[in-house]
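In what follows, a single structure is set out as C-alpha cells and then discussed.
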Amino acid sequence: MTDMADTTHAPDTTHTPDTTHTTHTPDPAVAAAAPAWLGAVRLSVVIPTHDDAHRIGPTLDAFRAHLDAHLGSGPGDWELVVSDDASTDETAALVEAAAADEPRIRLVRSPHHRGKGAALRAGVLACAGARVLLADAGLRTPPAELEHLEQALGQAASDSGIDGGIDGGSDTDDARATAALGRSGNRLVRALGIPGIPGFRADTCGFALFDGDRARAAFGASVLDGPAIDAEVLRWVRRQGWHVAEVPVTRTRTPKPPVGPGPGPAPRPRRTAPPGDRRRALTELFRLNAGGLAVAAVFLALSAYVFHGLWADLDGRYLADALQDQNQWEWFVGVATDNITHLRNPLFTTAQGMPDGVNLMANATMLGLTVPLIPVTLLFGETVTFALVLTLGMAASAWTWYWLIRRRLVQSRWAAAAGGALAAFAPPMVSHANGHPNFVVLFMLPLVIDRALRLCEGRNVVRDGVLLGLFATYQIFLGEEPLLIAALGMLVFSLAYLLVDRRRALAAARPLGLGLVIAAGVCVPLLIFPLYWQFFGPQSYHSVLHGDNAGNSPRALVEYAARSLFGDAETAGRLSLNTTEQNAFYGWPLLALGVIVCVWMWRRRLVRALAITGAVALALSLGPWVPVPRTDVVLPGPWRLMVKLPLFESVIEGRVAMVCAPVLGVLLALALDRIVRTRTRELRTVGLLAVAAALIPVLPLPLAVRERAPVPAFITSGAWKGYVKDGEALVPVPLPDPGQADALHWQVEADFGFRLAGGYFNGPWGPDRIGIYGATPRHLSNLLRDVRYGQQPPEITPQWRDQARRDLEFWKAGAVVLPFQDRGIELRDMITGLLGREPQKVEDVWVWRVGPGQV
C-alpha cells in the first residue's frame, strides 16, 4: 500500500462514480482561468447538505464575508464546496445562484441520496485546498471559530517529539499536523465511535480543519456513507500515526443563520435528527467496529477451547496440572468475598494459618478482580469466578495486545490479531493458565505500554501521566510480579531504543520522565497504605526463596511445552520447576522465525530494539547459574547482577522469558503485515507457509482436568459446627500445605464458617521473616505429613504427647478431623495415642474434640 499521506488528490470524479461536479462561473473567461488557480487554493470549505434550502443561503453569505475579511478576496485564497446529497428542495438551485455571483463557490451534486458520509467524501475529494475546513449547513459553529482551529493546527505542526507511533516508520520525521477538531457534545458517539482512538471524542468532523492532502487521503479511504464517517476517518488518521488536536469551540444553542440579505426563504426551526438517522449512525458504528468484535469473538472462542474441560463440569473437575493452585485461588476469591460482605479488612484474614493469619496483600489475591466479581461469586460460587477470570482474562489480554499492535504498528487487522493471540496464548501463558490467573490476566499491560508511548510523544503529559498512574495502580491489584517483569522488559526496550535511535529516544526522555513523576504522584497516595501493609503489616515477609533451579534450562528455550501441540510432557517436566512454571518452551521453529524476521526487517528501529529486548530477556531467564547441556559445566548468568536487588530477589527468574511472548507477537504481526501486502504470489505463499510451520507446533491444547476430590460429608452437612466453636480452628489430617490443600476447598464450601490450622499461602518464617509457601511448620504438622506419605509412626512417648498438646493449643484447635484416606488406620492409631482417647466417627471422618479442657 502506498503512503497515502504523500498523495495529492486532484478534484476528479473517479473517486466518486455517483457524483457529478458543477461549477458555475459568470463568463467563459473566468471558467477558463479557474483550473489555473484551483490547485493552489489556500483553504477549501466543504459543506455537506441535504434539503437545506431554508438555511444554506445565509450560511454561504456568512462564510463568504468571513473568508474575504480574513483570507482575502483573490481567486487562490479560498473556495466553498457545497456537496449536495440529492436534495429534493431548492438547495442546489440556491447554491447555483450563489455560484453565479461568486466563482469560488462550487457545487458537487449526487444523483442519489446516500448520506452525510457520502456527501463529505465527495466534497473533500473534489476540493483542492492546502487545508480543508469541514462545516455544516446550519452554522452550529460560527466561521469565526476557524481561527482557533488554525492556531491549533499551526501549533501541532511545530511540535517536536516522537510521531508516527512506536517506530516512526522511517528515518525522517513528518511533523505535519493532520487535523484540528472542534469538540463535540455527542456523548453516545463518543462512547461508541472511535474505540481505537483513546483521548479523542467522536463526531467532531462537523467543524474540523484538515491538512488538505491528508484529508483527501483519509476520506478517499473511507467506505461509510452515513454519519459515522467522522469516527471512521478519525480512526484511519490515527492509525497512520498522524497528529490530531482537539479544540474547544463555541457553538450556538440553536443554529440560526445570521439575518441579512441573501437568497432563500426565511429560517425555520431547528431540525432534530430523526430516529432513522440515529439508528443508522449506531448501525454504522457497530459496522465500523465489526472487525474488532470478530477478533474478540475469535479470542474468546480460543480461550473457551483451552478451558473447556473445566467448564464441562465445574463442580466435579479440577485442572490436573494446577497442583494446589486452583484450591488456593478459589480460596482467595472466597475470602475476599467473605471479608467484604462482612465489612472486614480485605488485606488480612485468620481464616487459615491460625493463629497468625494471612497477609492477603502479600499474596496473589488479585483484589482488582475478586472484589468487583463478588456478585458473581455470591450467585454462582468461587469455581465459576475462577473459570470466568481465566477464560475472559486470557481473551481480554489477547485483545488488548491486538489493539496495541493494530493501533501503532500494522495495517492488517488479522496480522495484528495473530500477534495478539501469540502474546496471550504463547506456551508460557498456557502453562500459567493451569492455576496462576495473575500471569494470565494481563490486559492492563498493553494499556500501560500505550500510555507510556503517549508520554514519549509529549502531547498531553499531565493527562497521560495521570492515566498511567491509575493503570499501574490497578495492575498492582491484579498482579505485582507481572508488572515488575513488564517494567523490566520496558526498561530494556527503552535502553535498546536509545542504542538504535539516540536522537528520538532523547527527545522522548523529557516528557516520559515528567509523565512518570506525575504517574508516581498518582500511585503513591493510592498505594501507600496497601504497600505498607504488604511489606510491614502482620504476616509480611521480606523475600521468597525459590532455590537454585528456578531459571530456565537452555534447552527449555527450544523445546515444546506439555500443552503445546508438539509438546512432550515428560521432556517439559524434566526441564521446568513444575507444570505451571514452563516459562519458555517457545520451540525452535518459532525462535527461528523470530530471528529470520529480525534479519529481514533489521532496518526498522523497532525490530532492532525488539531483538535486543528478546535476547536480554532470554539471557536473564536462565538464572544466576547456567548449566551447559550435556556437560558438567556451569556458567555464571546475568541474573547474578539482579538476584540481590529489592523485589527482584523474590522473582522466579525463569518467568522473565515471558517477556518474549509479546516480543514474538509483535514480530509476527510485522512479518504477516508485510507478507500479505507482497505482490508476488509465490513469495506470499512461502511466507505464510513459514509462519504456519513456526506456529503449528506451539498451538495450545485444552488444559487437562481430573476428578476433584470430594468434600467430606462432615463438612457439607454442617456436622462440623458441633465440634469447632467460634474462634477455634479445625485441624485436618494432614494439615493443608503447598503439597495438599484440599482443606481450603472444604472451607470454601462451608462459607468460611471455621478457621484452619496450616495452609497454602505466602508468609514469613523465622526471625529474618523469610518468605515461604505455607504456614510455619510445627512438630505435629510434620509428623502427620510424614506418616500420611509413608513413614512409620514413631513410638508415642510423653514428650510426643506434650508436643502435640502444645501445637494444638498454638493453633487454638477445636477438633482434629481425619477423613478416610490411604494410611488412615496408621494415622488414627497414632493420633489416638497422642491424644489419649478414641475418636468419634461422624459421617465419613474420624473426629477428636480437642478444645479447651479436652487435651
Side-chain angles (χ1 to χ4, degrees), residues 306 319 321-323 325 364 390 393-394 397 401 422-442 445 479-489 492 544-564 566-588 590-591 594 613-627 629 637-640 642-643 647-665 697-698 700-701 703 773:
V306 170
L319 292 174
D321 295 327
L323 305 177
D325 292 330
L390 283 173
M394 212 163 188
S397 301
W401 281 118
L422 180 57
F425 292 91
M429 308 303 178
V430 176
S431 171
H432 281 274
N434 280 294
H436 295 167
N438 56 317
F439 276 93
V440 172
V441 184
L442 303 176
L445 295 184
E480 295 174 79
E481 189 175 348
L483 179 61
L484 179 63
I485 293 174
L488 175 62
V492 173
V544 180
L545 304 180
H546 301 292
D548 296 330
N549 62 337
N552 292 319
S553 164
R555 277 191 60 196
L557 306 181
V558 296
E559 294 287 352
Y560 301 113
R563 302 310 298 172
S564 291
F566 282 21
D568 177 71
E570 182 179 352
T571 300
R574 289 198 310 267
L575 298 174
S576 60
L577 282 174
N578 53 58
T579 51
T580 59
E581 294 291 344
Q582 294 176 5
N583 295 308
F585 297 93
Y586 291 103
W588 67 264
L590 183 56
L591 291 182
T613 303
V616 171
L618 289 179
L620 289 173
S621 77
L622 298 177
W625 299 99
V626 183
W639 189 257
R640 290 187 64 193
M642 307 180 65
V643 71
L647 300 180
F648 287 101
E649 61 185 355
S650 297
V651 171
I652 296 178
E653 53 266 31
R655 292 174 174 174
V656 179
M658 299 174 76
V659 170
C660 294
V663 168
L664 288 170
V698 296
L701 296 175
L703 297 184
Y773 293 99

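Scope of the values below: all heavy atoms of this structure, side chains included, with no hydrogens, waters or symmetry mates.
With sequence neighbours excluded, the residues forming a side-chain contact (heavy atoms from CB on, under 4.5 Å) with V643 are W639, listed by chain and number. Not counting sequence neighbours, T579 has no partner by the side chain to side chain donor-acceptor pair (under 3.5 Å) test. With sequence neighbours excluded, the residues forming a side-chain contact (heavy atoms from CB on, under 4.5 Å) with A562 are A569, A572, Q582, listed by chain and number. For L591, the side-chain contact (heavy atoms from CB on, under 4.5 Å) partners at least two apart in sequence or on another chain are L557, V558, Y586, L664. Applying the ring-ring contact (aromatic ring centres under 6.0 Å, His included) rule to H436 yields the partners H432; only residues at least two apart in sequence or on another chain are considered. Taking R563 as the reference, nothing meets the side chain to side chain donor-acceptor pair (under 3.5 Å) condition, with sequence neighbours excluded.
Residues A424 and S397 approach most closely at CB-C, 4.0 Å, considering heavy atoms. Between N438 and A364, the shortest heavy-atom contact is ND2-CB, 3.9 Å. The minimum heavy-atom distance linking S564 with Y560 is given by the pair CB-CB, 4.4 Å. In terms of heavy atoms, I652 sits closest to A550 at CG2-O, 3.8 Å. Residue P638 comes nearest to A619 through the heavy atom pair CG-O, 3.4 Å, listed as atom of the first residue, atom of the second, then distance. The two residues P427 and A584 make their nearest non-hydrogen contact at CB-O, 4.0 Å.
Once rounded to the nearest 0.5 Å, the distance linking CG of D325 with CG of N578 reads 7.5 Å. Rounded to the nearest 0.5 Å, atoms OG (S621) and CD (E653) are 9.0 Å apart. Note that CZ of F439 and CE of M394 are 13.5 Å apart. Values are rounded to the nearest 0.5 Å. Atom CG of residue L484 and atom CZ of residue R655 lie 11.5 Å apart, to the nearest 0.5 angstrom.
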Report task. Walk me through it: do L647 and E480 pass the test side chain to side chain contact (heavy atoms under 4.5 Å, CB included)? Result -> CA-CA 10 Å; L647 300 180; E480 295 174 79; over 6 Å; no
Query raised in the report: Is there a side chain to side chain contact (heavy atoms under 4.5 Å, CB included) between W401 and L422 once you walk through the steps?
Result: CA-CA 9 Å; W401 281 118; L422 180 57; over 6 Å; no
Requested in this report: Verify side chain to side chain contact (heavy atoms under 4.5 Å, CB included) between M642 and L620, making sure each step is shown before the conclusion.
Outcome: CA-CA 9 Å; M642 307 180 65; L620 289 173; 3.9 Å; yes
Query raised in the report: Do V659 and L488 pass the side chain to side chain contact (heavy atoms under 4.5 Å, CB included) test, and can you show the C-alpha distance, the side-chain angles, and the key distance before you say yes or no?
Result: CA-CA 9 Å; V659 170; L488 175 62; over 6 Å; no
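Within the 3.5 Å criterion, the main-chain N or O of E581 finds no donor-acceptor partner in the side chain of S576. Under a 3.5 Å cut-off, the side chain of N552 and the backbone N or O of G654 do form a donor-acceptor pair.
With hydrogens and angles left out, the side-chain atoms of T580 and N434 include no donor and acceptor closer than 3.5 Å.
The side-chain heavy atoms of E559 and L575, taken from C-beta on, include a pair separated by under 4.5 Å.
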